[in-house]
Amino acid sequence: MKKFFFPAILLVILALLAACGGEESSADSKTVKLGGTAGPYSDMLNQAFKPALEEKGYTVEITEFSDYIQPNNALNNGDLDANLFQHSIYLENFSKENNMDLTGLITVPTAPMGIYSNVFNSIEEVKDGATIAIPNDPVNAARTFLVLQDHGLITLDPAAEELTVSEKDIQENPKNLVFQPIEAGGLPRAVESSDLAAVPGNFALAAEMDLLDALVLEDMPDQYRNLVAVKTENKDTQLAKDLVEIVESPEFEELIDAEFKGFGKPEWMKSR
């Protein structure tokens, strides 16, 4: 019996070491899955995040989505490690309505809403009684009214909450603008049928519009800028820290300036 005891122990130890070695090898691969909606934000994932993460030793898989529901579902059930497609207001509302615990890590440069026209060449040329197509959802409609106020076309009730202002909060409309609420996805086509159209940046880019063709671009509050989101339980992981580090890097901002012209930068990026 004695002569078989030590070899048996050695075999057990070797087996445990092999198992531990296998686990370490798997961890070293650091495969991560990122997701975003098709268009500029999946482009941002591919052009900025993927190469930067690969330099840090990660293997990166990117999934494109065609709606605003599945990216958060996939994040919540573990099919994604992080996503990029939504602003903080949408994230908070979606998480609450669907009983999810998701967290935004950092805001990124975002395509702003623009006021476009095939009738007028500048915002100063807008004539009395001009029609303007606006988004029919409350969040994007509020953004539209803020842009119009910023450029002197309307005056809003100063007591109204900025992020929820609506047509009923308009106190002055000196140009007698006629508002035509429609589904946001149809706003790029509305440039042809209305004097003006307020088009959110993602829909403008999806329709191959040039952001810089807008008469004016939105100076959006940071609550409307898109962010990198993770499950709250993962907000302090090494991956989360690496994602924030990538966005905060000078190389990231340089790529945005070169490849994402017209994107509005978050306050933290503008002030550094």
Side-chain angles (χ1 to χ4, degrees), residues 32-50 52-53 60 62-65 67-98 100-113 137 139-140 142-143 146 162-163 184 200-203 205-206 211 217-249 251-253 255-257 259-260 262-272:
V32 298
K33 298 179 180 180
L34 309 178
T37 46
Y41 301 106
S42 62
D43 290 345
M44 195 178 290
L45 289 174
N46 277 293
Q47 295 179 39
F49 287 89
K50 184 175 181 180
L53 284 170
V60 183
I62 293 176
T63 301
E64 286 191 0
F65 297 88
D67 64 63
Y68 290 171
I69 307 298
Q70 295 309 312
N72 278 340
N73 288 343
L75 182 60
N76 187 63
N77 66 27
D79 289 339
L80 293 179
D81 297 299
N83 68 31
L84 172 60
F85 77 99
Q86 66 196 317
H87 51 60
S88 61
I89 298 172
Y90 182 87
L91 174 66
E92 290 165 10
N93 290 339
F94 190 95
S95 298
K96 183 177 180 181
E97 291 172 2
N98 295 277
M100 295 179 181
D101 196 5
L102 308 179
T103 293
L105 293 177
I106 188 169
T107 51
V108 301
T110 303
M113 174 178 284
D137 64 282
V139 171
N140 283 315
R143 293 170 66 185
L146 291 174
E162 264 199 355
L163 302 180
N202 58 316
F203 290 109
L205 292 170
L211 296 180
L217 288 171
E218 167 188 34
D219 183 15
M220 65 173 68
D222 271 3
Q223 295 97 318
Y224 292 137
R225 298 191 196 280
N226 284 354
L227 45 77
V228 180
V230 298
K231 290 185 75 170
T232 301
E233 65 189 48
N234 296 325
K235 67 182 179 65
D236 296 317
T237 62
Q238 186 58 49
L239 173 62
K241 294 173 184 175
D242 288 337
L243 289 168
V244 170
E245 182 180 289
I246 288 166
V247 177
E248 291 179 339
S249 70
E251 293 79 10
F252 184 87
E253 186 170 4
L255 186 140
I256 295 297
D257 291 339
E259 302 296 333
F260 297 85
F263 277 50
K265 295 178 182 178
E267 290 301 320
W268 68 262
M269 187 176 279
K270 290 190 289 188
S271 63
R272 66 183 179 180

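Here, residue 1 is the first one in the sequence, and each next residue gets the next number.
Between the R225 side chain and the G264 main chain, a donor and an acceptor come within less than 3.5 Å of each other. In this structure, Y90 contributes its side chain and Y68 its backbone to a donor-acceptor pair below 3.5 Å. Between the side chain of R272 and the backbone N or O of E248, at least one donor-acceptor pair lies under 3.5 Å. A donor-acceptor pair under 3.5 Å is absent between the side-chain atoms of T37 and the main chain of F85, judged by distance alone. A donor-acceptor contact shorter than 3.5 Å links the side chain of D137 to the backbone of N140. A donor-acceptor contact shorter than 3.5 Å links the side chain of T110 to the backbone of V108. Panel note: side chain N76, backbone M100; no donor-acceptor pair is recorded below 3.5 Å. A donor-acceptor pair under 3.5 Å links the side-chain atoms of D222 to the main chain of E267, judged by distance alone.
Heavy atoms only, all atoms of each residue included: A111 and L205 are closest at CB-CD1, 3.8 Å. Here the shortest heavy-atom pairing between F263 and P40 reads CZ-CB, 3.7 Å. Between L45 and G36, the closest heavy-atom pair is CD1-N, 3.7 Å. Contact record, I106 with V244: CD1-CG1, 4.1 Å, taken as the closest heavy-atom pair. Between L80 and P71, the shortest heavy-atom contact is CD1-O, 3.6 Å. Scanning both residues, L53 and V32, for their nearest heavy atoms gives CD1-CG2, 4.2 Å.
By the neighbour-count criterion of 12 heavy atoms within 6.0 Å, atom NZ of K96 is sparsely surrounded, having that number or fewer from other residues, nucleotides or ligands. The 12-atom threshold is not exceeded at CD of E162, counting heavy atoms of other residues, nucleotides or ligands nearer than 6.0 Å. With a 6.0 Å radius and a threshold of 12 heavy atoms from other residues, nucleotides or ligands, K33 has its NZ atom at or below the threshold.
Going from atom CG of L227 over to atom OG of S88 covers 6.0 Å, rounded to the nearest 0.5 Å. Note that CD of Q70 is 9.0 Å distant from CG of N77, once rounded to the nearest 0.5 Å. Atom CG of L91 is separated from atom CD of Q223 by 13.0 Å, given to the nearest 0.5 angstrom. In this structure, the separation between CD on E92 and CD on Q86 is 10.0 Å, given to the nearest 0.5 Å. Distance CG/L34 to CG/L243: 6.5 Å, rounded to 0.5 Å. With rounding to the nearest 0.5 angstrom, the CD atom of Q238 is 8.0 Å from the CD atom of E245.
Proximity of Q47 to F260: side-chain heavy atoms (C-beta onward) are separated by under 4.5 Å at one or more points. The side-chain heavy atoms of M44 and I256, taken from C-beta on, include a pair separated by under 4.5 Å. Within the 4.5 Å cutoff, the side chain of N98 has no heavy atoms near those of the N72 side chain. Looking only at side-chain heavy atoms (C-beta outward), L84 and F49 come within less than 4.5 Å of each other. Considering only heavy atoms from C-beta on, L102 comes within 4.5 Å of K231 through its side chain.
Checked options V247, V230, N234; the residue passing with L105 is V230 (criterion: side-chain contact (heavy atoms from CB on, under 4.5 Å)).
A salt bridge links D257 and K265; the closest N-O separation between the charged side-chain nitrogens and carboxylate oxygens is under 4.0 Å.
Side chain to side chain, N93 and E97 fail the donor-acceptor criterion of an N or O pair below 3.5 Å.
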Evaluate the side-chain contact (heavy atoms from CB on, under 4.5 Å) criterion for residues M113 and Y224: first the C-alpha distance (whole Å), next the side-chain angles of each, then the deciding distance (0.1 Å), finally the verdict.
-> CA-CA 10 Å; M113 174 178 284; Y224 292 137; over 6 Å; no
Can you list the steps and then say if N83 with Y41 is a side-chain contact (heavy atoms from CB on, under 4.5 Å)?
-> CA-CA 9 Å; N83 68 31; Y41 301 106; over 6 Å; no
